Amino acid sequence: MSCSAEQLAPLFSPNATNAAAAAQYICGQFDAVSDRFTDTGFAIDTTYLLFSAYLVFSMQLGFAMLCAGSVRAKNTMNIMLTNVLDAAAGGLFYYLFGFAFAFGAPSNGFIGRHFFGLKDVPTSSFDYSNFLYQWAFAIAAAGITSGSIAERTQFVAYLIYSSFLTGFVYPVVSHWFWSGDGWASAFNTGNLLFGTGVIDFAGSGVVHMVGGIAGLWGALIEGPRIGRFDHTGRAIALRGHSASLVVLGTFLLWFGWYGFNPGSFNKILIPYAAKSYYGQWSAVGRTAVTTTLAGCTAALTTLFGKRILSGHWNVTDVCNGLLGGFAAITAGCSVVEPWAAVVCGFVAALVLIGCNRLAERVKFDDPLEAAQLHGGCGTWGVIFTALFASEKYVNEVYPGKPGRPYGLFMGGGGRLLAAHVIQILVVVGWVSATMGPLFYILHRLKLLRISKDDELAGMDMTRHGGFAYVYEDDSHKHGIQMRRVEPSPNQI
Amino acid sequence: MSCSAEQLAPLFSPNATNAAAAAQYICGQFDAVSDRFTDTGFAIDTTYLLFSAYLVFSMQLGFAMLCAGSVRAKNTMNIMLTNVLDAAAGGLFYYLFGFAFAFGAPSNGFIGRHFFGLKDVPTSSFDYSNFLYQWAFAIAAAGITSGSIAERTQFVAYLIYSSFLTGFVYPVVSHWFWSGDGWASAFNTGNLLFGTGVIDFAGSGVVHMVGGIAGLWGALIEGPRIGRFDHTGRAIALRGHSASLVVLGTFLLWFGWYGFNPGSFNKILIPYAAKSYYGQWSAVGRTAVTTTLAGCTAALTTLFGKRILSGHWNVTDVCNGLLGGFAAITAGCSVVEPWAAVVCGFVAALVLIGCNRLAERVKFDDPLEAAQLHGGCGTWGVIFTALFASEKYVNEVYPGKPGRPYGLFMGGGGRLLAAHVIQILVVVGWVSATMGPLFYILHRLKLLRISKDDELAGMDMTRHGGFAYVYEDDSHKHGIQMRRVEPSPNQI
Amino acid sequence: MADPISCAAADLLPLLGGAPNATAAATYICSRFGAVSTKLADATLAIDNTYLLFSAYLVFAMQLGFAMLCAGSVRAKNTMNIMLTNVLDAAAGGLSYYLFGYAFAFGGPSNGFIGKHFFGLKEFPSPTADYSLFLYQWAFAIAAAGITSGSIAERTQFVAYLIYSSFLTGFVYPVVSHWFWSGDGWAGAAKTGGSLLFGSGAIDFAGSGVVHMVGGIAGLWGALIEGPRIGRFDRTGRSVALRGHSSSLVVLGTFLLWFGWYGFNPGSFLTIFKSYNDTSRSYYGQWSAVGRTAVTTTLAGSTAALTTLFSKRLLVGHWNVIDVCNGLLGGFAAITSGCSVVEPWAAIICGFVASWVLIGFNKLAEKLKYDDPLEAAQLHGGCGAWGLLFTGLFAKEIYVNEVYSGRPDRPYGLLMGGGGRLLAAQIVQILVIIGWVTATMAPLFLALHKLKLLRVSREDETAGMDMTRHGGMAYIYHDEEDSSNLPQFKMSRVEPGGETPTS
């Protein structure tokens, strides 16, 4: 794109018979400029999306550390292995068919059917970076579930449910709500559900509820861990073995959530108005701010709530509260005002405390509180969005269909809320209809729960080649055989 | 860049004697646009490169955690210190002369000779961000080696080999294969080796083989750890002290690898064709996808392979398999199809298992399996690239010389394979010729291996001021003096 | 929607052909250029916001680094306590910085002392500040509070943390950042109107003074007022090292801080898409300066780490990884002020001296029986102050004028031939920061102390706060849940493993 005055000048000569040439020359230049802008847009948006995907991936590390710290030392290897494999098996399955089921447009409203094995990618609307981003989401859903059924599930059951969830159950849900063809998607190019579609921006329903409800069924079907409830039915806390790992995992999840929520815009170079400093880049920043505020409020609410209820300043509870706030804000992060995020986080903390109480009462045992946290707070997040979505932001984030319904409390009527209630019902229904039977079949086949002996001894010793930690060794004293630090049976 | 119609209009007046002025005005505007585009390119590419460099740096944290978790508790401080110092000493040496040796163009094909102490940087082709990115690569190579010789090497030996490797051995290799002047580089502007040059995109050979082979010599020369092989010659696993740290390190390396492989493009704003959604941004995304798939496949292969061989579902083995897959795909990540990455990962897992078997048989002790993993899988990666490199991608990633040879199995003939075999031979040769004697001299000077007493007691107690962990203290019981968890002398 | 850039020759042709419509032709062409200009502005915003947001995320990762560093540096019995304070620094800081902290710091137009707009992010975004800037500044604010929590670790009541942390993040720190970073601040080099302090303003690019000294001095007062931990100095006054419980966590935290510092220092440019209009070197712009800043940061830290390694080897005889980590961080804290305006070789000097400053202050602290579990006051306060002086000595003319553009002929570093005015401004900064933080935080800590809200009881301190206040120990490596059918479900602590039978 270089303009030469020497070439252009003669075209402007007074007896301009060559006006056409001049016009062509000038317009050719402009076209070149336009092309360059297209390229620039791709480069910026891809950079943005890829680094967001990397952040989302780092959540898998966060899950691994959170889970590891929340279980007892004797099951650490087991739970970490499942987290590594969520990512690894998820990578293959999502590549082979998960992405195709989710985003394989054009398709029907129920399931996608292109891009198997990334065939024909890139297209004008899907590049490899989109795949990577969506893969990181898919494995997050599987990671949530693994927490619910920790410490008592056979490793084979993990492999089976994880593949099924990442490769089929989750992709179908994401197709419904996020694909341009999805029957309930707010991006749907045809008729929108209730004229609005579901605004689940980054996946309180699509990711967190799916993972949480899957975990709920798994944990329900296999029952609580041995010792979780005593004969009188009183709940006994089976504390995790390392609070440091819990905090590490929580902070990593927080870090990664900045890819999860703001990253869900996928593109950053979209102006909202001509000649203005305001554009999608502002919306992205706002999303990061709402995310932060919801989590912060939920953490503080939990801190004081738990102080009043239990008398302790408990860091692991605060961490769970924080994550509950994040799970809740995920649906509406891009379309609500920062002050509303504070409301969202406050309620999310109460929801989590309530769900935990309920779980204790019904003797439901979830080592990571995953069903309560991701299921319960996720549900609240979906409802919250329908109440507080702001008109201006909804129209900016989901452009092209002016006059969309928005939040009930913001004066936007009840149609968005109706759509979101539908979302909650179908997500609960779909996940129950797929994962419930799966877990039940595994249970009947004796593939779900480990033996009583294994559970008491810990799976690391019996299935995973040894204990996760060896802080003291004296191999040099007792000859060769290494001594393992382990619970001794005859310890007082 | 502001265009004023009032200024331009008179130039178009009917009696346009000022055609030249009109043309100049318009072209001036276009030139301003063009300049701004150049700036845009620099801004985007630098943003991309810098954040990639930060990711690569985070691999150093990954190495530190992986190494720490893989050694016994009594040597944790030692190994972590070497990892911190790889980064710190590497920073100084690479600044003073490493970068100059590697990329100091114009130079001969063997070694660079400009930019000592970053003099004259930035130039039109090298900015500070390039230095940072390459530094992060250089310290990764040193980090690999430190794993091989862990738990039995004097600290002074670390300092010496690490400086030598980062400051000289590695930069020379990277000059050969990555610099525009390098004799075997695919970027060479003159004649290419076998008409193709070596396609080692992100360094399976340049980084991983160099680090792995250096470690091989170090570990060979100082021999196995005490207790690694019993009198009958049977191998005894000396397990690391914390699987949590191993998993943490592995995930961090995975995270960082997204800077390592896709980041090696250095630039993202390069269109491959006019008016298209397809450009370097797609290639970057594809590289991230191939990287992911290779690692995932290797992890799954290792999981099932090890299950069959040893009966356990072992998370540390899976982590090593995963890393082996990454080390292998590093060379070809940008020029192969995603399905080929699956092949790459599958074979890499087998290569690693094979190398580990071999190492046990020949009584080679490498606490981190670094020589097997980075050396063995790295070698496979170099060969793999020569077999599966796709014609289209090779020409896009290495443009300007049409008709390049490509992968043998893709119908591109054997010239690429020949170049890659040469690479393997010269890397093995060069590293052996430099690091082998270095380690041998250190050995002869009694500077390499620690004393038997130190090794039994653990280096942390004897050299690094104490044990890494103090989980119990009882200062409240025995008055003030804190008790350290340490091997007690009169322990049975 | 903006005008399209694409241009149809068929539209333009008639305008150029018969010449009476010269105005129309010119308008047409210029409108297209206008569209180009708008698109470029959009692209600039998109790039700069991407850059700033990801930098903010990196800075946030430092909070994780602090949490791990602090956790590893305290004894196991206080781990839950210190980690909780780190989580709450971030959480409470988020709310207070949203409600008023940001407004105090950057709510221009205002006076030179304190800002007064954007409370609760009202009227956001503005042409000068977007949400990403808020997020970035929030991440800075919580870092300051994180520094202080290290100084008073292991002996402070949890309520005291909540109070000082909110006060520091919501008021003390924002005011300081207003002075030195806001366009209205009275002492900043970036001041937009009026005359600069000494014609120069203080150059504290990323906050050696604004962040590190503030956090360090606040910690100094807290630790001074509550006194050393029990057992830190024995009866004869000899200092006893109370070692942290996990060096793995310390190293993890240090590396995470290093990682995050790449957001802290280079990110402080806030934008990357800015040409320096260097006609001979078109490839040179803010992107190069950003890269250079990352390089100076790396070199200062690396040098400080190596210097500490060898110095400690000579002084103590050990190759100590904890000390090396602290030295590294000291180098970073020092370079933070001048990172964008010095040459890489000067960063090496900065790191070298920073290491000795830290060693010196640690010796001094021992002599004075001052106990700071994380060495935070020495590290962030001492090395931070050195960093400000260093900038006054080594700031390079050309870089100063590029980074703080718009006022030609600024003073620069004394040793670079730029006269003493910059150094004078830096010294003024050190003095006012010490004065301001002392005047605000010391009375606060003293009041808490008088109200018996500052220090935990002797019993709590000996037993560890985790058991008494936070619901249990952080670690359970040996568990006896196997016996969970028995009536007592008391969790077992990690007990001395020596007696545990072997299998």
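Numbers restart at 1 for each chain; the letters A, B, ... are given by sequence-line order, proteins then strands. Everything numeric in this text was worked out from a predicted model, so none of it was measured.
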If you tally heavy-atom pairs under 4.5 Å against chain C, which of [options] wins?
| options | answer |
| --- | --- |
| A:Val284, A:Thr292, A:Leu248 | A:Leu248 |
| A:Trp254, A:Tyr278, A:Phe51 | A:Trp254 |
| A:Asp45, A:Thr40, A:Thr316, A:Leu55 | A:Leu55 |
| A:Gly240, A:Pro338, A:Gly345 | A:Pro338 |

With only heavy atoms counted, which part of [X] is less than 4.5 Å from chain A, the side chain, the backbone, both or neither?
| X | result |
| --- | --- |
| C:Thr85 | neither |
| C:Leu52 | neither |
| C:Leu249 | side chain |
| C:Met83 | both |
| C:Thr468 | backbone |
| C:Asp130 | side chain |
| C:Val59 | neither |

Could you have a look at [options] and say which one has the most heavy-atom pairs with chain A under 4.5 angstrom?
| options | answer |
| --- | --- |
| C:Ala43, C:Ala61, C:Ser126 | C:Ser126 |
| C:Thr128, C:Asp48, C:Leu133, C:Leu162 | C:Leu162 |
| C:Pro125, C:Gly72, C:Ala67, C:Ser246 | C:Pro125 |
| C:Ala90, C:Ala56, C:Gly120 | C:Ala90 |
| C:Val87, C:Asn86, C:Leu64 | C:Leu64 |
| C:Leu121, C:Leu88, C:Thr79 | C:Leu88 |

Residue pair [X] / [Y], side-chain donor-acceptor N/O under 3.5 Å:
| X | Y | answer |
| --- | --- | --- |
| A:Thr232 | A:Asp230 | yes |
| A:Ser244 | C:Tyr475 | yes |
| C:Tyr97 | C:Gln137 | no |
| C:Ser165 | C:Asp89 | yes |

> Between C:His470 and A:Trp313, is there a donor-acceptor pair closer than 3.5 Å when you use the side chain of the first and the backbone of the second?
Replying inline: yes

Below 4.5 Å from any heavy atom of chain C, which atoms of [X] appear? Answer side chain, backbone, both or neither.
| X | answer |
| --- | --- |
| A:Leu303 | side chain |
| A:Ile268 | both |
| A:Ser52 | both |
| A:Val342 | side chain |
| A:Leu245 | neither |
| A:Val247 | both |

> Is any side-chain heavy atom of C:Leu40 closer than 4.5 Å to a side-chain heavy atom of A:Phe37?
Replying inline: yes

> Taking the side chain as C-beta and beyond, is there a heavy-atom pair between A:Thr250 and A:Leu323 under 4.5 Å?
Replying inline: yes

>> Ring centroids only, cut at 6.0 angstrom: are C:Phe33 and A:Phe30 within range, meaning strictly under it?
In response: yes

> How about C:Phe134 and C:Phe124: are their ring centres within less than 6.0 Å of each other?
Replying inline: no

> How close do C:Tyr131 and A:Gly285 get, heavy atom to heavy atom, and via which atoms?
Replying inline: CB-C, 3.3 Å

>> Can you tell me how far apart CH2 (A:Trp281) and OG (C:Ser132) are? Round to the nearest 0.5 Å.
In response: 11.5 Å

> Can C:Tyr98 and A:Trp339 be said to form a side-chain contact (heavy atoms from CB on, under 4.5 Å), step by step?
Replying inline: CA-CA 10 Å; C:Tyr98 162 68; A:Trp339 63 260; 3.6 Å; yes

>> Regarding A:Arg72 and A:Glu151, does a basic nitrogen lie under 4.0 Å from an acidic carboxylate oxygen?
In response: yes

>> What I want to find out is whether A:Lys306 reaches A:Asp317 closely enough, with some N-O distance under 4.0 Å, to be called a salt bridge.
In response: yes

